[in-house]
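A short worksheet on the structure shown next.
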Amino acid sequence: MRPGRSRIGRASDTCLFCRIVAGEIPATVVHETDTTLAFRDIGPKAPVHVLVIPKAHHPDVVALARDPAAAADVLAAAAAVAEQEGLVGDGFRLMFNTGGYAGQEVFHVHAHVLGGTPLGPMVVLP
Ligand code: AMP
């Protein structure tokens, strides 16, 4: 485990993002608080693409909403990342894919912070 990082909540050894929190898998961290971590998406869909997660394991945004303090921390961290990345003036997108229809791939809740270019339509029908 990376020095200074501790497992919080129900950290799972099999959860990819819990393992990033634990420092077992590398990530390009751009922002960190006691309860949140933000790192660059490994497959960026925009010039700026950062994932913001609670350090505690919540599978999706529905579960996160049951922990209002953690939800507020994630929102504040996402806003701080947007400021830090220079996205606030031009605008950016903050997005939680949730469940199968939305194509959620990693079941440790994460907010996508996307920006740095005009973004396409939010809803794309197949
Ligand atoms: P979602 O479809 O909302 O679950 O998004 C999962 C995101 O996690 C995708 O955009 C992936 O590119 C990203 N991702 C997967 N593995 C990693 C990793 N090791 N480091 C950073 N981002 C990752």
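Every heavy atom of this structure was used, including side-chain atoms; hydrogens, water molecules and symmetry mates were not. Counting starts at 1 for both ligands and their atoms, following the listed order.
- With a 4.5 Å cut-off on side-chain heavy atoms, Phe92 and Val81 do not count as touching.
- The two atoms that bring Pro47 and Gly116 nearest to each other are CG-O, 3.8 Å, heavy atoms only.
- Residue, atom and distance of the protein heavy atom nearest to atom 10 (O) of ligand 1 are Asp41 OD2, 2.5 Å.
- The minimum heavy-atom distance between Val74 and Val52, with the atom names listed, is O-CG1, 3.8 Å.
- Using a 4.5 Å heavy-atom cutoff, the side chains of Phe39 and Ile20 are in contact.
- Residue-ligand proximity, Phe39 to ligand 1, at heavy-atom distances under 4.0 Å covers atoms 21 (C).
- Atoms of ligand 1 lying under 4.0 Å from at least one heavy atom of Phe17, given by number and element, are 8 (O).
- Here the side chain of Arg93 pairs a donor or acceptor atom with the backbone of Gly120 at under 3.5 angstrom.
- With respect to atom 16 (N) of ligand 1, the closest heavy atom belonging to the protein is Leu16 CD2, 3.4 Å.
- Considering Leu37, Val106, Ile25 as possible partners of Phe17, the one that fulfils the side-chain contact (heavy atoms from CB on, under 4.5 Å) test is Val106.
- The hydrophobic cluster containing Leu75 does not contain Leu51, counting ILVMFWY residues as joined when their side-chain heavy atoms lie under 4.5 angstrom apart, directly or transitively.
- Only the backbone of Arg40 comes within contact range of ligand 1, with a heavy atom under 4.0 Å; no side-chain atom does.
- The main-chain N or O of Glu32 is never found under 3.5 Å from a side-chain atom of Lys55 such that the two would form a donor-acceptor pair.
- In terms of protein heavy-atom proximity, atom 4 (O) of ligand 1 is closest to Glu105 N, 2.6 Å.
- Using a distance-only test at 3.5 Å, with no hydrogens or angles considered, a donor-acceptor pair links the side chain of Gln84 to the main chain of Val30.
- Every atom of ligand 1 is numbered from 1 in the order shown, and the set under 4.0 Å from a heavy atom of Gly43 is 12 (O).
- In the hydrophobic cluster analysis, where Ile, Leu, Val, Met, Phe, Trp and Tyr join through side-chain heavy atoms closer than 4.5 angstrom, Leu16 is grouped together with Val29.
- Distances below 4.0 Å separate heavy atoms of Gln104 from the following atoms of ligand 1: 2 (O), 4 (O).
- Inclusion of His49 in the set of residues having an N or O under 3.5 Å from an N or O of ligand 1 is not warranted.
- Using a 4.0 Å cut-off between heavy atoms, Phe96 makes no contact with ligand 1 at all.
- Looking at Ile20 next to ligand 1, no N or O pair under 3.5 Å apart turns up.
- With a heavy-atom cut-off of 4.0 Å, Phe107 does not touch ligand 1 at all.
- Residue Lys45 places a heavy atom under 4.0 Å from ligand 1.
- For His110 and His108, the gap between ring centers reaches or exceeds 6.0 Å.
- Atom 2 (O) of ligand 1 has Gly103 O, 3.1 Å as its closest protein atom, hydrogens excluded (heavy atom only).
- Atoms of ligand 1 lying under 4.0 Å from at least one heavy atom of Asn97, given by number and element, are 1 (P), 2 (O), 3 (O).
- With ligand atoms numbered from 1 in the order given, ligand 1 contributes 1 (P), 3 (O), 5 (O), 10 (O) to contacts under 4.0 Å with heavy atoms of His112.
- Around atom 20 (N) of ligand 1, the closest heavy atom drawn from Ile42, Ile25, Leu51 belongs to Ile42.
- Looking only at protein heavy atoms, the nearest one to atom 5 (O) of ligand 1 is His110 NE2, 3.1 Å.
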